[in-house]
Amino acid sequence: MRKVRVRFAPSPTGPLHIGGVRTALYNYFFAKKHGGDMLLRIEDTDAARFVPGAEEYIVESLNWLGIKIDEGVGAQSVGTFAPYHQSERKAIYRKYIDQLLAAGLAYIAFDTPADLEAKRLEIANFQYDATTRNLMTNSLTLSVDEVKTRIKSAEQYVVRIKIEPNLEIKVQDLIRGEVIFNSSVIDDKVLFKSSDELPTYHLANVVDDYLMEISHVIRGEEWLPSAPLHVLLYRYLGWTEVMPEFAHLPLLLKPDGNGKLSKRDGDRLGFPVFPLNWKDPKTGETSSGYREAGYFPEAVVNFLSLLGWNSGTEQEIFSMQELIDQFSLDRVSKSGAKFDYEKGKWFNHKYLQSKDNKEIATIFQCLLGEKGIVEDTAKVTKIVSLVKERANFVTELWGQSSFFFVAPKEYDAKTVQKRWKTETPAQLMELIDVLFAIDDFSAENTENIVKDWIEKKEYNLGDVMNAFRLSIVGEPIGPHMFDIIAVLGKLETIERIQRAVININN
RNA sequence: GGUCCAUUCGUCUAUCGGUUAGGACGCCAGGUUUUCAUCCUGGAAAGAGGGGUUCGACUCCCCUAUGGACUACCA
């Protein structure tokens, strides 16, 4: 088997879509599993759709996710097949266009967009192919001299592939098996346009994959219909022997209804469809990303990996290395996968629980800083350890722990009604005395003493504790009470109880 | 319209001719608990339809239906 070399070849037309992320991931797993290379090539053959910043966004996204590029754009060392931007490879493509032209496997066409539009109106289901090309304005219908003069007078033209009709073209797909197409259904695709001296995707990707010695083309299912064209191109160029193997991945579908997951679905349903936040430089429109939404890259990687692939075991949580070790194209499913955001949250929850408290505390400190709260790492770490199990995201930690940092300003009305009884103030005043007398304010010690007191006085445990919680937290939420007051300290605890007794009237 | 791809619980999926069709998310119930969560236990929940092939089909074949992708001088 030849050296595995795969490429991720996005177009810099905007932020990297989450479906693209999964494609990149599968390419990466496959490459690393087989000790191969992962290349990043930028397919910028359409200047009109170029969006500034998109390329940087793509590189940063892959970086964030932990996908390491071995070669090409964003790689440590550039690589031997540079350049990796298609816009910088004009001369290379021109050479192969000329080869195709000389061999009579492609031809020059002068039809303007308006001409084509007219033809489509004139002929139902018009397709530029063997049955119609002799009706058009091209080097097959014009004399050699006429073609020459037109080119000389700077008339715009395109080069089209001359598809031989009625051939059976077999595409071997690693996921779907053999897929057979009849060449007659393929149109004479534009390979090159004189207007910008650039090829279109079809020619460029074949030429580059060949020159860059790509062994496997792993891409989305939307490319399956054009795969026979690519196979034909390899044949026309004489590269059949080294043609890469193909694998067409199932699509990522929208959670409700059907169809490809799109940017709009994210906006509509309230979840990100991009790895990172993005602001469109032209429209100023912003899109949210997983990173900023509080996701760990490992969780996103894990979640996405299982949308269309499974290990065959009942394992759900996978590290990047496990994914690489266990990945196999023949365990990729054939049908599209609906995007289940709820499960995505669960993955993040799992990763949050398994993370080191101190590491989470560091991230949480940044969020606290934005609120003007500065606390030392040890204390924040302790708080994180107490509340993280009830959160899916670091960003949810504040909602679970704000009372550690800020005393309650008001008390949840429903809880007051339910838990604040006539005897409560007196009991809490007693509690203050009990707590005041304690020197060792550790959770274990305060719990023993307070519970002994409740028992001795024959108070109702629930009554006292719930009122206690209301005084300290202001709401019926939070971890073990004695853990909370151990963090708050004696003084703050007593002050909060006093304040509650003064302020709560029921 | 044409071509191609697909079709197991609501969702992601296991099953590669013989299983009580398994797991996970979500949902529901119960338990733990001073609250809310977490957690634990349990539950409901699936082979699109019709023909074949076979002793036996979720699994193989065909048809139908449904869904999707593609059908640009975009990728």
Side-chain angles (χ1 to χ4, degrees), chain A residues 9-13 43-46 48-49 109 111-113 116-117 120 124-125 127-128 156-160 171 173 175-176 179-182 184-187 189-196 198-202 204-205 219-228 248 250-251 253 255-260 303 306-317 330-331 333-347 349 353 387-391 400 412 415 418-419 447 450-451 454 460-470 473 475-482:
Chain A
S11 202
T13 54
E43 311 230 328
D44 53 353
T45 50
D46 185 4
R49 296 212 311 156
D111 317 273
T112 64
L116 293 168
E117 190 54 39
R120 288 192 190 103
N125 297 322
Q127 179 171 284
Y128 207 126
Q156 300 282 288
Y157 65 90
V158 299
V159 175
R160 288 181 180 270
V171 176
D173 186 282
I175 294 169
R176 286 149 219 284
V179 183
I180 300 170
F181 297 83
N182 187 298
S184 296
V185 306
I186 309 169
D187 63 334
K189 278 267 179 295
V190 170
L191 261 22
F192 178 88
K193 45 225 195 291
S194 68
S195 57
D196 56 9
L198 243 23
T200 60
Y201 168 81
H202 303 289
N205 106 83
R219 77 229 298 193
E221 192 190 333
E222 68 268 29
W223 294 107
L224 190 52
S226 54
H248 290 94
L251 264 17
L253 274 18
D256 58 340
N258 290 296
K260 246 200 314 193
F303 170 48
L306 261 27
L307 247 33
W309 172 85
N310 77 87
S311 67
T313 68
E314 288 182 353
Q315 185 176 351
E316 298 276 343
I317 302 297
D330 50 49
R331 292 208 67 90
S333 49
K334 296 180 177 69
S335 51
K338 282 191 186 179
F339 194 79
D340 182 4
Y341 189 61
E342 287 304 317
K343 195 151 186 177
K345 288 202 260 189
W346 176 78
F347 275 107
H349 179 261
Q353 304 323 309
V387 302
K388 76 165 178 180
E389 66 186 21
R390 49 193 73 221
Q400 298 293 344
D412 182 66
T415 313
K418 190 173 167 191
R419 306 290 192 190
E447 177 164 6
V450 171
K451 280 190 170 168
I454 292 173
N460 180 292
L461 180 70
D463 286 353
V464 177
M465 292 308 296
N466 283 303
F468 186 18
R469 178 176 298 277
L470 184 61
V473 178
E475 291 177 274
I477 63 160
H480 194 58
M481 270 314 293
F482 299 99

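In what follows, chains are A, B, ... by sequence order, proteins preceding strands, each numbered from 1. Keep in mind that the numbers below use all heavy atoms, side chains included, and drop hydrogens, waters and symmetry copies. Just so you know, these numbers come straight off a predicted model, no measurement behind them.
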| task | Between A/Q156 and A/G312, name the one whose nearest nucleotide on RNA chain B is closer to the 5' end. | result | A/G312
| said: For a quick check of understanding: with a heavy-atom distance under 4.0 Å over all strands, which category does A/R49 fall into, base, sugar-phosphate or nothing? | reply: base
| request: Say whether, by atom type as modelled, one donor and one acceptor occur between the side chain of A/R469 and the main chain of A/G478 under 3.5 angstrom. | output: yes
| query | Taking atom P in both B/C9 and B/G31, what distance in whole Å separates the two? | reply | 33 Å
| remark: A/T200 has its side chain closest, among B/C12, B/C74, B/U71, to B/C74
| query | For atom C1', what is the distance between B/C70 and B/A14, given to the nearest Å? | reply | 31 Å
| B/C70 OP1/OP2 closer than 4.0 Å to side-chain N/O of A/K260 | yes
| task | Considering only atom C1', compute the distance from B/C12 to B/G26 and round it to an integer number of Å. | result | 11 Å
| query | What integer distance in Å separates A/M481:CE from B/A37:P? | reply | 17 Å
| request: Could you let me know what B/U8 is paired to, Watson-Crick or G-U wobble, both distances under 3.5 Å, or none if it's on its own? | output: none
| query | Side-chain N or O of A/T45 less than 4.0 angstrom from OP1 or OP2 on B/A75? | reply | yes
| Distance between C1' atoms of B/G52 and B/U15 (Å, rounded) | 23 Å
| request: Scan every strand shown for a Watson-Crick or G-U wobble partner of B/U32, both distances under 3.5 Å, and answer none if you come up empty. | output: none
| said: So if I take every side-chain heavy atom of A/K451 and compare against B/U11, B/U34, B/A75, which nucleotide ends up nearest? | reply: B/U34
| In whole angstroms, how far is the C1' atom of B/C74 from the CG atom of A/D46? | 5 Å
| Which nucleotide, B/C5, B/C12, B/A24, lies nearest any side-chain atom of A/A337? | B/C12
| query | Which whole-number value in Å describes the distance from A/E221 CD to B/G67 P? | reply | 16 Å
| said: What's the gap between B/A72 and B/C16 when it is taken at their C1' atoms, as a whole Å value? | reply: 41 Å
| request: For B/U7 and B/U64, measure between their C1' atoms and round to the nearest Å. | output: 13 Å
| request: Could you give the distance separating B/U19 and B/U8 at their C1' atoms, to the nearest angstrom? | output: 14 Å
| said: Using a distance-only criterion (donor-acceptor N/O pair, under 3.5 Å, no hydrogens), is the base of B/U38 paired with the side chain of A/H349? | reply: no
| Paired nucleotide for B/U19 [Watson-Crick or G-U wobble; both distances under 3.5 Å] | none
| request: Tell me the partner of B/G26, counting only Watson-Crick (N1-N3 plus N6-O4 or O6-N4) or G-U wobble (N1-O2 and O6-N3) with both under 3.5 Å; none if nothing fits. | output: none
| request: State whether A/R331 places a side-chain N or O below 4.0 Å from either non-bridging phosphate oxygen (OP1 or OP2) of B/U15. | output: yes
| said: Are A/Y341 and A/F303, when compared by the centres of their aromatic rings, separated by less than 6.0 Å? | reply: no
| query | How would you label the contact of A/G478 with the nucleic acid (heavy atoms, under 4.0 Å): base, sugar-phosphate, or nothing? | reply | base
| task | Please work out whether the ring planes of A/H202 and A/W223 are parallel, tilted or perpendicular, with thresholds of 30° and 60°. | result | perpendicular
| said: Please classify the nucleic acid contact of A/F181 as base, sugar-phosphate, or nothing, using heavy-atom distances under 4.0 Å. | reply: sugar-phosphate
| request: Just compare B/C12, B/U3, B/C74 and give me whichever is closest to any side-chain atom of A/K338. | output: B/C12
| said: Heavy atoms from C-beta onward define the side chain here; which of B/U35, B/G10, B/A24 lies closest to that of A/W346? | reply: B/A24
| note | Any strand, both distances under 3.5 Å, Watson-Crick or G-U wobble: B/U59 pairs with none
| note | From CD of A/E342 across to P of B/C12 the rounded distance in Å is 14 Å
| Looking only at side-chain N and O atoms, does A/R419 come under 4.0 Å of OP1 or OP2 in B/U35? | no
| task | Have a look at A/N310 and say if it touches a base, only the backbone sugar-phosphate, or nothing, with a 4.0 Å heavy-atom cut-off. | result | sugar-phosphate
| task | Using a strict cut-off of less than 4.0 Å between a Lys/Arg side-chain nitrogen and an Asp/Glu carboxylate oxygen, indicate whether A/D46 and A/R49 qualify as a salt bridge. | result | yes
| task | Pick base, sugar-phosphate or nothing for A/G308, based on heavy-atom distances below 4.0 Å to the nucleic acid. | result | sugar-phosphate
| note | To the nearest 0.5 Å, atom CD of A/E389 lies from atom NE2 of A/H349 at 7.5 Å
| task | Among the candidates B/C73, B/G68, B/U34, find the nucleotide nearest to the side-chain atoms of A/F482. | result | B/U34
| request: Calculate the interatomic distance between A/E117 atom CD and B/C73 atom C1'; express it in whole Å. | output: 13 Å
| query | In whole Å, what is the span from the NE2 atom of A/H248 to the P atom of B/A69? | reply | 16 Å
| query | What nucleotide among B/C73, B/U7, B/C4 has an atom nearest to a side-chain atom of A/S335? | reply | B/U7
| field | Pairing partner of B/G1 (Watson-Crick or G-U wobble, both distances under 3.5 Å) | value | B/U71
| request: For the side chain of A/E222, starting at C-beta, report the closest nucleotide among B/A6, B/U13, B/C70. | output: B/C70
| Does the base of B/C36 carry an N or O that pairs as donor and acceptor with the side chain of A/R390 under 3.5 Å? | yes
| Quick one: is B/U13 close enough that its OP1 or OP2 comes under 4.0 Å of any side-chain N or O from A/S333? | yes
| field | Spacing of A/R219 atom CZ relative to B/C5 atom P, expressed in whole Å | value | 16 Å
| query | Under 4.0 angstrom, heavy atoms only, what part of the nucleic acid is A/D463 near: base, sugar-phosphate, or nothing? | reply | nothing
| remark: Which of B/G22, B/C36, B/A75 is nearest the side chain of A/E314? It is B/G22
| query | In whole angstrom, what separates A/E389's CD from B/C36's C1'? | reply | 11 Å
| field | B/U35 base / A/R469 side chain donor-acceptor hit below 3.5 Å | value | yes
| query | B/G23 and B/C55: how far apart are their P atoms, nearest whole angstrom? | reply | 34 Å
| note | As its Watson-Crick or G-U partner within any shown strand, both distances under 3.5 Å, B/A44 has none
| request: Name the residue closer to the 5' end of RNA chain B, choosing between A/F339 and A/K343 according to the nucleotide with the nearest heavy atom. | output: A/F339
| request: Would you indicate what A/P10 reaches in the nucleic acid, counting non-hydrogen atoms under 4.0 angstrom: base, sugar-phosphate, or nothing? | output: nothing
| query | Checking all strands, does A/V158 fall into the base, sugar-phosphate, or nothing category for heavy-atom contacts under 4.0 angstrom? | reply | base
| remark: In this structure, CD of A/E316 is separated from CH2 of A/W346 (nearest 0.5 Å) by 5.0 Å
| query | Base, sugar-phosphate, or nothing for A/I180, non-hydrogen atoms under 4.0 angstrom? | reply | sugar-phosphate
| request: For the pair A/Q127 (side chain) and A/S184 (backbone), establish whether a donor and an acceptor sit closer than 3.5 Å, ignoring hydrogens and angles. | output: yes
| field | Gap between atom CE of A/M465 and atom CG of A/N460 - 0.5 Å precision | value | 11.5 Å
| field | A/K260 and A/E221 ion-paired at < 4.0 Å | value | no
| Donor-acceptor side-chain pairing of A/S311 and A/T313 below 3.5 angstrom | yes
